[in-house]
Amino acid sequence: MTTPDQTPASYRYTSTLAGDIERRWQDRWDAEGTFEAPNPVGDLAGEITGEKYFIMDMFPYPSGAGLHVGHPLGYIATDVVGRYRRMRGDNVLHALGYDAFGLPAEIHAVQTGEHPRTNTVANIANMRRQLRRLGLAHDPRRSFATIDPDFVRWTQWIFLQIFEAWYDEEQGRARPISELRADYESGRRTAPDGAAWAELGPFERSILIDSVRLAYVDESPVNWCPGLGTVLANEEVTAEGRSERGNFPVFPRNLRQWKMRITAYSDRLIDDLERVDWPDSVKNMQRNWIGRSHGARVSFRVEGVAAPIDVFTTRPDTLFGATYAVLAPEHALVDELTTEEWPEDTPRLWTNGVATPAEAVAAYRAMAAAKTDLERQENRDKTGVFTGSFAINPVNDTRIPVFIADYVLTGYGTGAIMAVPAQDERDFEFAESYDLPIIRTVQPPEGFEGAYTGEGAAINSANAEVSLDGLGIAEAKEAIITWLQQRGAGEGTTTYRLRDWLFSRQRYWGEPFPIVYDELDQPIALPDSMLPVELPEVPDYSPKTYAPDDAGSEPEPPLARVPEWVNVQLDLGDGPRTYRRETNTMPNWAGSSWYELRYADPHNTDRLVDPDNERYWLGPRKPGETGGVDLYVGGVEHAVLHLLYARFWHKVLFDLGHVSSEEPFHKLFNQGYIQAEAFTDSRGVYVEADQVEKRDDGTFWFDGSSVSREYGKMGKSLKNAVTPDEMYEAYGADTLRVYEMAMGPLDVSRPWETRAVIGAQRFLQRVWRLLVDEDSGDLLVDDADLDAATLHVLHVTIDGVGGDLEGMRFNTAVAKLIELTNHLTKDGVRSRAAVEPLVLMLAPLAPHLAEELWSRLGHEESLTHAPFPVADPAHLASASVTCVVQVLGKVRGKIEVSPGITDEELTALALAEPNVVRSIDGREIRKIIVRAPKLVSVVV
RNA sequence: GCCGGGUUGGCGGAAUGGUAGACGCGACGGUCUCAAAAACCGUUGUCCGCAAGGGCGUGCGGGUUCGACUCCCGCACCCGGCACCA
């Protein structure tokens with residue numbers, strides 16, 4: 001019930017008024033194309049002024065659940081930066097696309113029978129609506145979704161560029177396959193086995209070429225996930241050996257799959273991290289993931305066997321201490337090394353009590369194969385079995401036994417090691433278990449027991465030709481590598497943890513490969529004119545899935561079930577023939593691996609991106625720089641997945657001359673997460689957080705029962721999502737923006753607190769009330785001159801806010817604007833000279849309110865390109881300064897002084913301050929430190 | 001185990017080696033109101049004190065300095081990443 005005298009002021013800045021203002025300005029920005037950024041050439045060409053600035057957000061996956069208030073955090077931050085830079089005169093490119101292929105849409109399609117595109121398009125529309133209401137200054141002409149046929153076409157085109165390229169180690173870059181073919185044809189290059197090109201048949205030639213392509217089909221161990229019915233990249237498998245998505249077990253299986261030769265770029269991917277402006281944590285994660293380690297390959301001759309064992313070691317300096325060798329159970333040489341019978345005097349410990357080496361090895365291999373990654377991780381006891389063979393240590397011709405053991409991994413280095421128990425903890429444990437000799441080759445500290453991995457002088461390390469004794473680790477490594485190279489027994493080398501990128505998935509909702517196979521089963525690229533290859537309609541969107549632990553099951557992608565699409569008649573140059581299409585699809589990382597380029601030229605039908613547009617938006621600003629997007633903001637969860645793949649593709653495109661930038665993202669910023677309280681009942685089940693009652697004694701109640709509080713990522717699963725729509729409704733978009741920016745530093749995660757949002761609204765309300773009469777709506781601004789104190793506060797604020805926005809310290813920028821507002825409010829200062837700069841400074845954070853006030857101040861144009869205020873140094877110094885007087889480091893007095901005061905005058909004033917006099921208490925003054933005009937420190 | 005980041009009032013957080021706690025939330029007191037809400041004004045690290053003022057205080061223990069949240073050494077705990085990677 002309302003009565004007339006209870007009606008609130010009609011022009012109070014409430015959520016209703018804010019909503020009116022916000023919708024009005026959003027419509028006007030759209031109508032006027034306010035945020036459209038001109039390109040140098042093409043359909044978006046226009047007059048360019050100012051420096052370019054390219055901002056990107058990690059684009060969203062259009063989930064059916066819609067947004068919660070955690071999602072827009074990064075989008076608001078980039079929007080503030082973009083709006084600030086426009087006011088500084090920059091030509092700002094900022095748009096938002098959608099990463100729209102992916103599993104959730106496919107699952108939804110399987111459940112409903114609805115085409116994933118239908119649902120995805122609806123979700124994108126809903127997300128666009130929610131985001132538009134935030135007032136983001138995006139160029140709407142540059143938005144796209146990775147599922148758009150126009151976009152898919154170029155994803156497929158890039159795939160073919162990679163397919164039609166090889167890595168020239170000599171030049172350190174990718175080159176087109178056509179150049180390799182030309183080299184072979186002209187005889188400048190011969191096949192690795194020495195065969196001449198002319199002597200090879202067409203099939204052999206294809207095999208030779210296919211074996212070096214950057215995108216290739218390979219039968220090798222991959223991560224097969226029966227529960228999902230698809231294979232997964234290493235990056236998509238958790239440390240526990242389960243799928244990152246769905247948490248199903250993953251099994252190693254040999255399968256024919258597409259891979260990308262990302263390992264060719266290992267060095268550049270590591271080295272160029274030094275050239276980009278990224279958080280150290282992410283750089284470290286990428287370095288770790290690539291896992292470069294320098295060491296040596298050493299060849300061990302084996303008695304009675306032709307092939308030597310090649311091992312990789314990072315400690316070649318300890319070679320004299322190698323007392324046995326170990327192969328991974330899956331190593332190719334194991335069968336050859338396994339002897340007929342146990343050698344005489346073989347300790348029973350080494351045979352596992354089995355009658356023959358063959359049986360013992362077979363049993364051990366079977367046991368190792370049955371172990372999941374998780375079991376391997378839980379049980380790190382060193383086990384193994386002797387093969388019956390002996391290798392010869394090249395430095396001293398000692399016979400050393402060869403074991404297989406599952407602590408040696410098949411995928412790393414050469415899959416074989418020399419074991420040096422004295423200097424390696426794992427080898428030490430194994431040697432203890434199997435009673436193997438331990439020879440120290442590095443002098444440990446007095447009384448040290450066990451494996452010594454620290455620095456020290458080499459000992460026991462000399463033969464007739466070389467002595468390492470007395471050398472430190474680094475010199476010893478160098479000396480032994482030189483010796484090994486002279487003897488042909490080894491060489492210095494580098495290995496990597498990174499594996500080639502598994503690029504095919506047995507899914508429907510992804511990009512089809514632009515590849516067909518001929519009758520010899522060789523992959524053939526489709527010509528550009530046939531792109532994009534579009535997805536066929538299918539009866540069933542899901543791949544065949546199996547019981548999660550059915551390791552022996554076979555992948556069957558949905559596309560394989562559409563024979564009329566799979567088997568196709570094409571004329572690829574030598575008349576119409578029947579081909580078989582690739583039925584796998586690309587992983588959903590494909591679109592995000594190059595989308596930065598498409599923002600720069602979103603409608604180009606002739607090229608991926610016009611070189612002029614690419615050079616303008618992404619090219620290096622100075623020679624020697626990498627170039628790339630000027631600011632890229634997103635969550636840290638993509639530190640090694642998306643960000644590594646995108647760098648790889650970008651570098652291939654650079655090598656092939658399609659882009660001028662060497663890196664996709666020059667500056668990366670990881671925003672934190674918005675967390676939220678979640679509540680569980682006595683069974684541990686989450687209850688609706690917004691229905692929990694908080695009592696004054698600090699307890700929480702739901703439906704009459706006590707519940708307990710925890711903090712977690714906001715979302716549906718914890719039942720604690722707060723939607724932006726609720727916030728628009730209750731406070732308005734500007735309030736939500738200011739609150740999210742004021743909560744704390746952008747890169748730190750922090751809990752959401754709806755009740756604290758009111759503070760942001762009160763601030764905006766105060767600004768509004770300063771300029772506008774709440775009852776009449778009249779402008780209250782006058783043209784009075786500013787007093788000295790106000791001038792000082794104003795210019796200090798201008799100086800600070802500009803720097804804070806520049807440095808993405810949005811929380812302190814908001815605090816400074818609040819201080820200025822409070823100062824003006826308290827003194828009743830409504831002068832145009834003060835409120836106009838305030839409105840301009842507020843504009844990046846609360847653009848709708850700022851536009852409305854700016855227009856009420858009499859400006860007809862949007863303030864989007866109005867100049868951001870510049871501080872006048874003359875007003876940065878204030879008329880008087882508070883000087884702190886310390887006695888023995890403790891503050892004992894404060895005196896107001898003029899900023900220009902001399903050290904002598906200040907010292908005299910300080911020593912006269914009554915409380916300082918009392919504190920000194922007549923003691924002798926030993927020293928006085930003066931930092932005029934702020935500080936005097938007295939030492940007694 | 002290794003690598004990276006962190007620990008400041010009731011809460012979120014602020015502090016080029018120079019007044020610790022800006023700004024906001026909450027709480028408490030007040031103005032307005034018949035009352036309440038909203039809004040506005042004031043107080044708010046903690047202890048002693050009527051006050052003036054003083055003691056203590058940035059995870060813990062040391063150190064450097066006239067002066068340390070800040071720099072150095074050691075430790076604890078929390079978060080993230082990697083992990084039998086030779």
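The sequence lines fix the lettering, A, B, ..., with proteins before strands; numbering per chain opens at 1. Excluded from the calculations below are hydrogen atoms, water molecules and symmetry mates; all remaining heavy atoms, backbone and side chain alike, are included.
Between the P atom of B/A86 and the OH atom of A/Y412 lies a distance of 4 Å, rounded to the nearest Å. Remark: P of B/C3 and CD1 of A/I290 are 19 Å apart, rounded to the nearest angstrom. A/E774 places its CD atom 10 Å from the C1' atom of B/C40, with the value rounded to the nearest Å.
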Tell me, what's RNA chain B's dot-bracket, Watson-Crick or G-U with both distances under 3.5 Å, | for other-strand, [ ] crossing? (((((((..(((.....[....)))((((((.......))))))((((....))))..(((((..]....))))))))))))....
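Distances from the side chain of A/R766 to the nucleotides B/C56, B/C40, B/G10 place B/C40 closest. The side chain of A/I929 approaches B/C66 more closely than any other nucleotide in the set B/C66, B/G4, B/A86. Here the side chain of A/K826 is nearest to one of B/C66, B/U19, B/G42, namely B/G42. Of the listed nucleotides (B/C66, B/C84, B/U19), B/C66 has the atom at the smallest distance from the side chain of A/K927. Each of B/U19, B/G13, B/A39 was ranked by its minimum atom distance to the side chain of A/Q886; first place goes to B/U19. Listed nucleotides B/G26, B/A14, B/A86 differ in distance to A/R762; the shortest reach to its side chain belongs to B/G26.
Using a 4.0 Å heavy-atom cutoff across all strands shown, A/K934 reaches no nucleic acid atom at all.
Under 4.0 Å is where a charged nitrogen must lie from a carboxylate oxygen, and between A/R315 and A/D424 no such pair does.
Glycosidic conformation of B/G9 is syn; the angle stays within 90° of 0.
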